[in-house]
Amino acid sequence: MNAAPKVAAVHDLTGFGRCSLTVALPVLGAMGCQCCPVPTAYLSAHTGFPASERASFLDMTGQLPRTAEHWGELGVALDAIYSGFLSSAEQIGLLGEFIGRFRQAGTLVLVDPVMGDHGRAYRTYTGEMCEKMKSLCDRADLITPNLTEAALLLDEPYCASPGPDQVRRTLERLSLEGKRSVVITGVSAGEGQVGAACLDRETGRTCIAMSRREEGQYPGTGDLFASVLLGALLRGGELRSAAECAVEFVRRAVRRTLELGTPVLEGVQFEGLLGALVNREEIT
């Protein structure tokens, strides 16, 4: 029997609409991790909902250094640090300091560089934030950009359907010559398939993890993918098998959501599938 790995999850907390911490907490818990939330903000609902300007919003940037200071006094030792959407250049800089303070030998740092989608940076993402995110990713052991974010990190034109050779070159460039592992999401290997392309720094090998494409696009699926990926890695899985697990779990969640007719903005109904993660069922 092993102790639960401790994961600092640095995300916003959204009251309605499945994303960020409301995804990471149950998924990592189901996979046997102690998820230690470090909220960057509280929102009553994610910004995709109408009238988002009237949403409740509490900026918690100032709590990052206070949390780090208190955890340092408590002697908290982390097995992983996992970040998602960060809303300001200041938050990105503070997270870099947090990583510097709590990274130890064996601490896995996963940065999900949530910067944009569909070929464009999010409207709130400034040029300064993009540059800071590049620096933050330099500290990571593993990054999980989508195709848009990969292009932003490399200052390259966006391509919605890159071929195998282009994907391989992108993985290699993002890996900083093998210094970090990379998983690019939203990659297609043919009509009717979608998944992720991976470069494992431990082996230097590239691979793809594919599943059937479901006809639905929902907010929060990137958070779901990265959370399952991290949970599988902390169980001792290799990057390829962890990516396959995450790809298939997201597909199942999207299929279930479509069958239930859940409104798109509410995100994917993954809760009824958590038992597969708890029981370590073969997901691939």
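Everything numeric here is computed off the predicted structure, so don't read it as measured data.
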Quick check: closest heavy atoms across Gly267 and Thr257, and the distance to 0.1 Å? O-CG2, 3.8 Å
Applying salt bridge (Lys or Arg N to Asp or Glu O under 4.0 Å) to Arg201 and not counting sequence neighbours gives Asp141
Whether Arg240 and Glu244 form a salt bridge (side-chain N of Lys/Arg under 4.0 Å from carboxylate O of Asp/Glu) is what I want to check. yes
If I compare all heavy atoms of Phe85 with all of Thr124, which pair ends up nearest, and what's the gap? CZ-OG1, 4.3 Å
Any Gln193 side-chain heavy atom under 4.5 Å of Arg212 side chain: no
Donor-acceptor pair, distance only, cut-off 3.5 Å: does the side chain of Gln91 make one with the backbone of Ser87? yes
Are Tyr82 and His11 an aromatic pair, judged by ring center distance below 6.0 Å? yes
Are any non-hydrogen side-chain atoms of Val182 and Asp200 less than 4.5 angstrom apart? no
If only atom types and distance count, is the side chain of Arg18 paired as donor or acceptor with the main-chain N or O of Val23 below 3.5 Å? no
Is the shortest heavy-atom distance from the side chain of Gln217 to the side chain of His118 under 4.5 Å? yes
Around atom NZ of Lys134, are there more than 12 heavy atoms of other residues, nucleotides or ligands at under 6.0 Å? yes
State which residue, out of Ile184, Asp112, Val111, Val114, fulfils the side-chain contact (heavy atoms from CB on, under 4.5 Å) condition with Thr144. Asp112
Check: Thr40 and Leu86 side chains under 4.5 Å, non-hydrogen atoms: yes
Do Glu266 and Tyr218 have side chains that get closer than 4.5 Å, going by heavy atoms? no
Would you be so kind as to tabulate the donor-acceptor pairs closer than 3.5 Å made by side chains of residues 64-78, with sequence neighbours excluded?
{"from": "Thr67", "atom 1": "OG1", "to": "Gln63", "atom 2": "O", "distance (Å)": "2.8"}
{"from": "Glu69", "atom 1": "OE1", "to": "Arg101", "atom 2": "NH1", "distance (Å)": "3.2"}

Hydrophobic cluster membership, Val264 vs Val250, 4.5 Å side-chain cutoff: yes
Verify the ring-centre separation between Phe249 and Phe225: is it less than 6.0 angstrom? no
Salt bridge present between Arg256 and Glu259 (N-O < 4.0 angstrom): no
Counting N and O atoms only, with roles assigned by atom type, does the side chain of Arg180 sit under 3.5 Å from a partner on the main chain of Cys137, one being a donor and the other an acceptor? yes
Set out, in order, the CA-CA distance, both residues' side-chain angles and the distance that settles salt bridge (Lys or Arg N to Asp or Glu O under 4.0 Å) for Arg213 and Glu191, then state yes or no. CA-CA 8 Å; Arg213 183 189 296 273; Glu191 188 174 351; over 6 Å; no
With a 4.5 Å limit on heavy-atom distance, are the side chains of Thr170 and Leu154 in contact? yes
Distance-minimising heavy-atom pair for Glu149 and Gly116: OE2-O, 3.0 Å
CD of Glu238: more than 12 outside heavy atoms within 6.0 angstrom? no
Before accepting this row, confirm whether a basic side-chain N of the pair Arg252/Glu214 lies closer than 4.0 Å to the acidic partner's carboxylate O. no
Keeping Thr203 on the side-chain end and Arg205 on the backbone end, is there a donor-acceptor pair under 3.5 Å? yes
For Lys179, is there an ion pair with Asp138 - N to carboxylate O distance below 4.0 angstrom? no
Taking a hydrophobic cluster as the set of Ile, Leu, Val, Met, Phe, Trp and Tyr residues connected by side-chain heavy atoms closer than 4.5 Å, whether directly or through intermediates, do Leu153 and Leu110 fall within one such cluster? no
side-chain contact (heavy atoms from CB on, under 4.5 Å) with Val183: which of Leu229, Leu171, Leu174? Leu229
Using every non-hydrogen atom in the two residues, find where Ala242 and Ala232 come nearest and quote the distance to one decimal. CB-CB, 3.6 Å
Ignoring hydrogens, what is the shortest heavy-atom contact between Leu233 and Gly237? Give both atom names and the distance. CD2-O, 3.5 Å
Under a 3.5 Å distance rule, please check whether Thr14 uses its side chain to pair with a backbone N or O of Ala45 as donor and acceptor. no
Shared ILVMFWY cluster between Leu142 and Val228, side chains joined below 4.5 angstrom? yes
Test of understanding: clusters of I, L, V, M, F, W, Y form through side-chain heavy atoms closer than 4.5 Å, transitively. Do Phe98 and Leu13 belong to the same one? no
Give me the atom names and distance for the closest heavy-atom approach of Met129 to Ala89. CG-N, 3.6 Å
